[in-house]
Protein chains: 4
Amino acid sequence: MRYTDKRCDIMEAALELIAEHGFHGAPMSDIAEKAGVAAGTIYRYFESKDILINELNQELETIVSSLLLEEFPEGGTVQERFCHVVRALFRYFIDHPLQFRFMEQYSYSPYGVSRRRDKLLGIRGDADRQLFRMAIEEGVAEATLKNFPVMVLCGLAFGPMVSLVRDHILGFIHLDDVLIDRITEACWDAVKR
Amino acid sequence: MRYTDKRCDIMEAALELIAEHGFHGAPMSDIAEKAGVAAGTIYRYFESKDILINELNQELETIVSSLLLEEFPEGGTVQERFCHVVRALFRYFIDHPLQFRFMEQYSYSPYGVSRRRDKLLGIRGDADRQLFRMAIEEGVAEATLKNFPVMVLCGLAFGPMVSLVRDHILGFIHLDDVLIDRITEACWDAVKR
Amino acid sequence: MRYTDKRCDIMEAALELIAEHGFHGAPMSDIAEKAGVAAGTIYRYFESKDILINELNQELETIVSSLLLEEFPEGGTVQERFCHVVRALFRYFIDHPLQFRFMEQYSYSPYGVSRRRDKLLGIRGDADRQLFRMAIEEGVAEATLKNFPVMVLCGLAFGPMVSLVRDHILGFIHLDDVLIDRITEACWDAVKR
Amino acid sequence: MRYTDKRCDIMEAALELIAEHGFHGAPMSDIAEKAGVAAGTIYRYFESKDILINELNQELETIVSSLLLEEFPEGGTVQERFCHVVRALFRYFIDHPLQFRFMEQYSYSPYGVSRRRDKLLGIRGDADRQLFRMAIEEGVAEATLKNFPVMVLCGLAFGPMVSLVRDHILGFIHLDDVLIDRITEACWDAVKR
DNA sequence: CATGAATGAGCGTTCATTCAT
DNA sequence: CATGAATGAACGCTCATTCAT
């Protein structure tokens with residue numbers, strides 16, 4: 001028996017179906033079938049559909065988080081750190097469209113809103129966010145960046161990425177490494193003083 | 001007479017409930033009640049819930065479209081035209097959070113994807129988009145803008161707006177006219193050569 | 001129009017199935033089928049299965065209550081009033097075995113316990129209970145009855161009835177009017193001083 | 001060895017949970033957990049949940065039966081024997097509310113009905129019942145008791161007890177030894193000629 | 001045209017029971 | 001013998017849609 005990790009199977013099936021059809025287009029029965037388990041089995045691993053969805057999102061966030069920490073240029077300039085994060089997210093999501101579609105849907109649902117609120121209130125804080133936030137605050141302090149609230153600078157940094165990754169995944173544009181680098185530079189132009 | 005009172009009532013009720021509770025948190029019966037009509041009556045105006053949602057989105061797009069055409073500085077510089085559009089969208093959505101929440105949900109759902117595809121394939125095209133596209137193509141041609149595909153420039157222009165309007169509506173930041181103007185300038189920095 | 005045909009059909013079907021098979025042996029789908037309606041239709045009349053059950057019990061209590069008030073010998077002796085109630089309950093339940101089986105199950109379920117508690121706390125009080133209670137208190141005061149708490153006297157009065165009606169319905173004994181009268185007298189012997 | 005530790009643990013757990021939450025509020029998994037065994041283990045001792053419940057009831061009946069035989073005044077008067085049984089049941093159930101709640105639920109469920117039927121048809125007969133029955137028949141024969149069928153006299157004897165023990169357990173009244181003795185006397189008044 | 005009662009497929013979830021280990 | 005993960009039928013309930021009035 002090679003694939004005995006049922007929990008993973010279920011999460012993968014959920015990821016795929018929800019990414020493709022949305023939360024409501026992915027009934028537990030379909031998830032179970034795709035995961036190769038019985039419907040009731042899911043409930044041994046996740047108390048409810050909501051909890052499955054939340055845990056899946058949390059796991060994806062953790063993966064993204066650790067990805068950003070890898071090769072993070074901690075001693076680099078503000079620009080280097082800023083562009084590292086933007087570029088890394090671009091590449092990760094382009095390589096992982098299901099993850100992107102899922103997280104996108106999650107963040108636009110009631111789930112995401114309350115989670116977002118928790119994070120902002122400091123109830124939750126990931127290391128990667130701290131590092132990025134510090135880079136930004138440093139940039140503002142030393143007048144490398146425009147004097148905006150952190151959240152505005154985040155919007156300028158990630159807004160285009162979200163929008164463009166989506167267009168890429170839907171096939172409306174094609175983003176290659178060269179283009180990603182150039183777009184990342186453009187985002188830097190938006191925030192730099 | 002296509003746009004009767006009842007039709008409008010239904011669309012308004014749908015807008016409000018869907019913006020607030022999502023597509024699946026807004027049953028037809030609730031929409032009917034809020035609109036002051038019987039459940040069956042909705043089906044005289046809209047063949048199905050899906051069609052209601054699609055038509056509602058279309059109407060909102062039309063409204064936004066005509067808004068952008070108003071006071072469009074047709075003879076102005078590329079920068080003037082670009083910033084007009086960004087700023088106008090910022091202001092409209094901040095003043096119309098229900099419309100924003102609805103369109104946001106729509107665009108992240110399966111509905112939005114196919115619609116988007118239609119548009120790009122030229123099946124649908126709004127006047128405002130033509131004007132904005134022309135401004136951008138002009139800017140690229142005259143080397144005012146960075147040499148990116150139009151869609152990338154759109155991402156750089158509107159990505160931050162979508163992200164920041166959302167944060168504003170959720171109460172995470174407060175956008176006033178001064179800040180909007182400064183952010184719009186920052187978006188311009190991203191796209192200008 | 002509160003008591004439509006369908007509402008009655010549903011209540012009757014529920015009464016019959018629950019009396020026969022218990023709360024858990026009577027799924028909503030069976031009730032619907034027996035009532036000749038679709039499953040969803042039940043929920044137009046009753047918010048939930050629990051509420052259906054509670055309303056059914058309440059209705060049966062009301063019927064029993066008004067039955068006891070009919071021909072109640074208000075000016076009679078304590079004995080006359082006591083025996084009227086015991087005898088009337090005997091006869092009603094023997095003629096209405098489904099009602100008996102339902103109420104029996106109800107009173108032994110969590111539903112019944114809290115309802116009972118409410119009644120005793122005076123949150124709910126039916127006219128018939130008041131009359132019976134008054135007769136008993138009068139009997140105790142004038143030393144016609146043994147000096148027991150009211151509840152003990154009720155136990156002596158109704159305990160045998162519940163037990164014997166049940167045996168009758170199950171076919172273990174046959175109660176006719178003569179026997180009922182004699183048993184009622186025996187209950188009187190238990191309570192009288 | 002038929003009555004192993006595990007078997008007892010399971011029965012005790014079942015008794016407690018069913019008494020408290022009813023048959024349907026006591027899943028096998030909960031019973032297993034409370035008994036400190038795996039869910040599957042229960043099925044080594046009991047073929048099914050129904051059988052577990054039936055055997056539990058049977059065991060409780062046996063315990064009650066032997067209790068009644070203890071100190072049974074075999075040579076005493078009919079009254080002594082009658083009152084002994086009534087009083088002993090009162091006391092046992094007041095001291096063992098879980099047992100009472102279980103047996104009550106059992107007897108009002110489909111389980112209880114068929115069991116009752118078996119008993120009356122003579123398929124099952126416990127020694128205690130024989131003794132009580134004999135006392136009653138003797139009383140009827142010698143005209144100490146009213147001339148009722150045995151089952152009616154049982155109803156008069158035990159109906160009040162069941163009703164009042166229940167009220168005691170639910171906290172609606174408090175039965176102490178003095179009150180129990182007096183109530184037992186009252187039951188005797190009901191059956192004696 | 002408008003109504004709203006009725007429908008029934010489909011949902012998330014539970015749990016008695018099985019069986020490979 | 002004991003385990004507990006897995007099963008899947010069955011439950012209570014929702015809601016988009018229909019149609020007799």
Side-chain angles (χ1 to χ4, degrees), chain A residues 1 4-7 9-10 23-33 35-53, chain B residues 4 6 10 23-33 35-53, chain C residues 1 4-7 10 23-33 35-53, chain D residues 4 6-7 10 23-33 35-53:
Chain A
M1 297 274 173
T4 39
D5 201 346
K6 290 227 156 84
R7 192 188 156 88
D9 292 349
I10 293 164
F23 295 126
H24 304 278
M28 290 299 258
S29 51
D30 286 11
I31 293 172
E33 194 180 11
V37 300
T41 302
I42 297 179
Y43 292 86
R44 295 199 61 72
Y45 297 94
F46 306 95
E47 277 183 50
S48 68
K49 190 177 183 183
D50 273 22
I51 285 175
L52 163 58
I53 287 167
Chain B
T4 59
K6 279 210 169 105
I10 292 164
F23 295 128
H24 304 277
M28 291 296 259
S29 52
D30 285 12
I31 293 172
E33 193 181 11
V37 303
T41 303
I42 296 180
Y43 291 84
R44 301 219 144 270
Y45 298 93
F46 307 95
E47 274 182 53
S48 70
K49 192 179 184 181
D50 276 18
I51 285 174
L52 163 58
I53 287 167
Chain C
M1 204 196 299
T4 58
D5 274 0
K6 285 231 160 81
R7 191 187 158 88
I10 292 164
F23 295 128
H24 304 277
M28 292 297 259
S29 52
D30 285 11
I31 294 172
E33 194 181 10
V37 300
T41 302
I42 297 180
Y43 292 86
R44 295 198 61 72
Y45 297 95
F46 307 95
E47 277 183 49
S48 69
K49 190 178 183 184
D50 273 22
I51 285 175
L52 163 59
I53 287 167
Chain D
T4 60
K6 280 214 169 100
R7 190 186 159 87
I10 292 164
F23 295 127
H24 304 279
M28 291 297 258
S29 52
D30 285 12
I31 293 171
E33 193 182 12
V37 301
T41 304
I42 297 180
Y43 290 85
R44 301 217 145 272
Y45 297 94
F46 306 94
E47 276 182 52
S48 70
K49 191 179 184 181
D50 275 19
I51 286 175
L52 162 59
I53 287 167

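Chain A is the first sequence line, chain B the second, and so forth, proteins listed ahead of strands; every chain is numbered from 1.
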Novice: I need the CG-C1' distance between D30(C) and dG12(F), as an integer number of Å.
Specialist: 13 Å
Novice: I31(C) has an atom CD1; how far is it from atom P of dA10(F), in whole Å?
Specialist: 17 Å
Novice: Could you state the interatomic distance from CG (L52(C)) to OH (Y45(C)), rounded to the nearest 0.5 Å?
Specialist: 13.0 Å
Novice: Atom CD1 in I10(A), atom CG in D5(A): separation rounded to 0.5 Å?
Specialist: 9.0 Å
Novice: Might you point out which heavy atoms bring K49(B) and F23(B) nearest each other, and give the distance in Å?
Specialist: NZ-O, 2.8 Å
Novice: Kindly indicate, with the supporting measurements, whether the criterion side-chain contact (heavy atoms from CB on, under 4.5 Å) is fulfilled by I31(C) and I42(C).
Specialist: CA-CA 9 Å; I31(C) 294 172; I42(C) 297 180; 4.0 Å; yes
Novice: Quickly work out the E33(B) CD to dA2(E) C1' distance and round it to whole Å.
Specialist: 17 Å
Novice: Output yes when at least one side-chain N/O atom of Y45(C) is less than 4.0 Å from OP1 or OP2 of dA6(E), else no.
Specialist: yes
Novice: Measure the CZ-OG1 distance between R7(A) and T41(A) for me, rounded to the nearest 0.5 Å.
Specialist: 14.0 Å
Novice: Do nucleotides 16-21 of chain F as a string where each nucleotide becomes B, S or -: B if the base has a protein heavy atom under 4.0 Å, S if just the sugar-phosphate does, - if no protein is that close.
Specialist: SBB---
Novice: Quick one: F46(C) CZ to dT14(F) C1', roughly how many Å, whole number?
Specialist: 18 Å
Novice: Using Watson-Crick or G-U wobble geometry with both distances below 3.5 Å, tell me the partner of dT21(E), or none.
Specialist: dA2(F)
Novice: Calculate the interatomic distance between I42(A) atom CD1 and dT14(E) atom C1'; express it in whole Å.
Specialist: 14 Å
